[in-house]
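Just below is one structure, and these are the notes that go with it.
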2 protein chains.
Amino acid sequence: MVTDRKDILALDYGGTKLSAALCGYGRKEWKARERCFSQKGASAHNNQEVMLQMAHRLVESSGADLAAVGISFGGPVHFPTGMIRLSHHVPGWEDIPLRDELAEEFGVPAVVDNDANVAAFGEWSRGAGQYSSSMLYMTISTGIGGGWVLGGQIFRGADGMAGEIGHTIVNPGGAVCSCGKKGCLEAESCGPAIARKALARLTREPDASPILLEKAEGDPAGITAAMIAEAAEENDELSILLLREAASYVGSGLAMAINLINPERIVLGGGVSKSGGVFWKTLQQTTEYFILPQMQADIRPAALGDDAPLWGAVAMAEKLLSQ
Amino acid sequence: MVTDRKDILALDYGGTKLSAALCGYGRKEWKARERCFSQKGASAHNNQEVMLQMAHRLVESSGADLAAVGISFGGPVHFPTGMIRLSHHVPGWEDIPLRDELAEEFGVPAVVDNDANVAAFGEWSRGAGQYSSSMLYMTISTGIGGGWVLGGQIFRGADGMAGEIGHTIVNPGGAVCSCGKKGCLEAESCGPAIARKALARLTREPDASPILLEKAEGDPAGITAAMIAEAAEENDELSILLLREAASYVGSGLAMAINLINPERIVLGGGVSKSGGVFWKTLQQTTEYFILPQMQADIRPAALGDDAPLWGAVAMAEKLLSQ
C-alpha cells in the first residue's frame, strides 16, 4: 500500500533557518530531511537558491516520486494567490509568487501559508491538536503568534490575518508593542518582554537576583527568557515572579479567545511555553478564572516542536491533493 | 413556483415576549405573525401553552403546509440534543427537550438554538450580514451577547458557548460583571451599565446634567441608556461623555475579536447600538485604532431589529431541510 503512494516535499522558510523534508502521503515519519542556517545579511534570492539546492538534492537522493509541495513561510502570505507579502527577517521577499515558482520548479501542485497557520495545521494533523474539532495554536517566543484550525481547516479570516492573539490588549496602558499600541499580550509576555522586565528590575535593584546575574555572566542586558525559566526551576524569586506575571497575561489573553470562540483545544508552542511548572500552573489558573463556567480550557503543550511547520506543510499538501 | 413550496414556522421565546411567524421556504416576507407579552411570574409551562396556542392558530388560520419549525430561545441551549439548559428569564425551562416536543407537536423536523446565535444567523441570511464569508453579530442591550456565522454556518464552539464577547475584559479591575469578574465589556457598556454611570455621576454632582434629570423626571435612578442617547443628540455633555466611554470599550472589545478572527463583517444590534452618531463614530475610531493595519473593520448596524431571531429561526429550519 505504502509504496504506491506518492511523496510530499515540505519546505520551511524560517527566520533563522531553512528546512526541507520528504514524507510519504499520509505517513508520520520523514523519508529524508535537511536544514541549513540562513546567512546573516542573506537576501530572498540567496535563500531561495539554498532552499532549491537542498530540495532537489533531497528529492534526487531519495528517488522521491513527488505529488505536491507544501510550504511554510515566516511572514504574511496572500493565501489565495500564494504570493509572499513580505518576510519579517529577510529583505526582497515582497510580492514573490512563491507558490507558483515552486509548482513550476517541481512540476507538481504547491501550497503556501504563513508559519503560524502552517504550524497550527501541523499540530492539528499530527501533534497535540489531533482529533479536535476546533483548535487555537499559540506560539510564544520572540513574538506571539497564533492560528486557528476550525472544522479540520485552517481558518484564515477575511484578510488572511486571523489568529493575531499577540495583539489582544491584556494590560491597557502597559508595555509598548511593536504594533504601536500599549499592553498587547506580545509586549507583556514574549521572550524579549520577560527578559526586558528582568533587566529593568535588576537595573533598579542589582541584588534582586544573584542567580540570574550569574547565568548572564554579570550582565543583566544578557539575560534571556530561557535563563529566567532555568532560574525559576532553581527557586529564584524574581524569576518566579516574572514568569507568573507573563503567564497570567497569557492566561488572560487565552481566556478572551476562549470566551469568543470556545475552541475544543488550545495548543501552546514556542520557547517560552517550555518555561516549566510555575508558568503552566499560573496560565492554567488564570485562564480558568477568566473563562465562563460553562466552558472548558483544554490547554496542551505543542508536540512537534520546531517541526510543526514542516508537518503542517505536509498536511496542507495532502489536503490540496485530496480536494 | 411559490405555491408548491412548503412553509416554515418560526418561534421566538424571548425574555419579555413570545413571537410566532410563518414564512414560505426561501421567502423574505411573513405570511402571518403574532406575538404576546410574557406575563410576569409566568412559568415555562404557562409560556409553552401560550406559544402553542399562538402557533396552532397561525398555522390553521393561514392553511400553512408546514415543512419545519425553527426556534430561538432566550437562554443556553444544548444544540446537539435540542434541550434547553435554562431560561435567563422564566423558571422551569431546565432540561426541557424543546426541539423534540415541537417536532412531535407539529409532525415536522425542528431545530433550536440560543437567541444570540439565531439572531446572528438571521442577520447573515436576510439582514446586514448577507453574503459575508465570516460575520460576528453583537447585541448591546440589557446585556452584551454575540454569535458567529463562519462559512455560512453558525459557529458554536466546543460547548456551544462561542460568541461571548460581553466577557472580554476591556477594563481590568473595572466595573463588576454579572459573571463575577471585573471590567468585562458587558459590565462597562451594556444599557444598565451606562445608566448606572450616569446615576453615579449625578449622585456626586447633581448639576452635571439638567437635561438628563428632566428626562428622568428628577429621579437619577430612573435614567436609562435610551434617555442618555436622546440627551446626547441634544448635545448634553455628560451624555456624550458616557456614550463615548461605552463606545470606546465596545470598539476595544471588537478590535480584539477582529485581531483574533478577522471576520469580513461585524453586525451590531440591540437598543444601545441605536445611540446615534457619537456612539458609532467613537466605536469605529476605537476599533480601527486597535486592529492591525492589515485588517479591515466593516461594522454595520443590524437590519432586522427585533425580528432577527425569527428570521434566523426560519434560516436554521431551511438549512435543516436542505441537508
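Below, read A as the first sequence line, B as the second, and so on, with proteins coming before strands; counting in each chain starts at 1.
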Quick one: NE2 on A:His167 to CE on B:Met295, what's the gap to the nearest 0.5 Å?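 With rounding to 0.5 Å, NE2 (A:His167) is 8.5 Å from CE (B:Met295).
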
Considering only heavy atoms and a distance below 4.5 Å, find which of B:Ile165, B:Ile169, B:Leu136 pairs most often with chain A.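 Top count of heavy-atom pairs under 4.5 Å with chain A: B:Ile169.
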
Most chain B-contacting option - heavy-atom pairs closer than 4.5 Å, from A:Glu264, A:Arg85, A:Arg156, A:Lys181: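 When all of A:Glu264, A:Arg85, A:Arg156, A:Lys181 are compared, A:Lys181 has the most.
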
Taking every heavy-atom pair that is under 4.5 Å apart, which of A:Asn171, A:Thr168, A:Val170 has the most such pairs with chain B?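 Max contact count across the listed options: A:Thr168.
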
Is A:Met161 close to B:Asn262 at the side-chain level, that is, under 4.5 Å between some pair of heavy atoms?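 They are in side-chain contact.
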
Does any part of the side chain of B:Leu260, heavy atoms only, come nearer than 4.5 Å to the side chain of A:Ile261, both counted from C-beta?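 In short, these two side chains do not touch, never coming nearer than 4.5 Å.
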
Contacts of [X] that satisfy ring-ring contact (aromatic ring centres under 6.0 Å, His included) - sequence neighbours left out:
{"X": "A:Phe279", "answer": "none"}
{"X": "A:Phe155", "answer": "none"}
{"X": "B:Trp148", "answer": "none"}

Could you report the tightest heavy-atom contact between B:Gln296 and A:Asp159, atom names first, then the distance?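 Heavy atoms only, the tightest pair is N-OD2, 3.3 Å.
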
Given that the side chain runs from C-beta out, which part of B:Ser134 has a heavy atom under 4.5 Å from chain A: side chain, backbone, both or neither?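 For B:Ser134, side-chain heavy atoms alone lie under 4.5 Å from chain A.
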
Proximal to chain A - members of residues 247-258 of chain B, heavy-atom separation under 4.5 Å: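 When heavy atoms of chain A are the reference, residues 247-258 of chain B contributes B:Met256, B:Ala257 within the under-4.5 Å range.
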
